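Right, one structure below, let's go through it.
As the structure is a computational prediction, the values presented were derived from the model and not from experiment.
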Amino acid sequence: MPLTLRKAIASDANALTEIYFSAFSIDAISLLVFPRNSQSAYDFWYNSITEEMSDPNAHWLCIYDSDSPDQTVVAMAKWNGPDAHVGTDLPAWPEGS
């Protein structure tokens, strides 16, 4: 499985959301706040990722399996540049959180 690094794009948002949920699949707080069977929790993360991708200060990368026919994304990274706005407001949490 040769892995390839590339800039993440909007069409990766579904895979990135699934990776987020997988990464915190045994984290008790994440499971409580973002129930895995909740469409609103999924939509919250999917929408957050797609919104952040439009921010020029947010940088997203993904690693994909270049042998897979659909180039399955297997990992991600995100960081904010030095000019990113640091907000103190809490987001509107998804229903059921």
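With rounding to the nearest 0.5 Å, the separation of OH in Y20 from OG in S30 is 4.0 Å. A distance of 11.0 Å separates CZ of F44 from OG1 of T17, quoted to the nearest 0.5 Å. The distance from the NE2 atom of H59 to the CE atom of M53 is 12.5 Å, given to the nearest 0.5 Å. Between atom OG of residue S68 and atom OH of residue Y64 there is a gap of 9.0 Å, rounded to the nearest 0.5 Å. To the nearest 0.5 angstrom, C62 atom SG is 7.5 Å from I9 atom CD1. With values rounded to the nearest 0.5 angstrom, D65 atom CG is found 8.5 Å from D70 atom CG.
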Exercise. Let me see the working for K78 and E52 under side-chain contact (heavy atoms from CB on, under 4.5 Å), right down to the final yes or no.
Key: CA-CA 10 Å; K78 183 243 177 184; E52 286 183 36; 2.7 Å; yes
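Note on R6 versus D12: salt bridge recorded, some NZ/NE/NH1/NH2 to OD/OE distance being below 4.0 Å.
Using modelled atom types, one finds no donor on one side chain facing an acceptor on the other under 3.5 Å when comparing E51 with N47. Between the side chains of S22 and R36, no donor N or O sits under 3.5 Å from an acceptor N or O.
The nearest pair of heavy atoms linking L16 to A8 is CD1-CB, 4.1 Å. The minimum heavy-atom distance linking A41 with P35 is given by the pair CB-O, 3.6 Å.
Between W60 and M76 there is a side-chain heavy-atom pair separated by less than 4.5 Å.
Around atom CG of L5, more than 12 heavy atoms belonging to other residues, nucleotides or ligands sit under 6.0 Å away. Counting heavy-atom neighbours within 6.0 Å of E18 CD, excluding the residue itself, gives a total above 12. Heavy atoms from other residues, nucleotides or ligands lying under 6.0 Å from CD1 of I26 number 12 at most.
Between F34 and W45, the ring planes are perpendicular. Angles over 60° get that label, and only those under 30° would be called parallel.
When hydrophobic clusters are built by joining Ile, Leu, Val, Met, Phe, Trp and Tyr residues whose side-chain heavy atoms come closer than 4.5 Å, directly or via intermediates, L31 is not grouped with I19.
Checked by atom type and distance alone, the side chain of S40 pairs as donor or acceptor with a backbone atom of E95 at under 3.5 Å. Without hydrogens or angle criteria, S66 side chain to T4 main chain gives no donor-acceptor distance under 3.5 Å.
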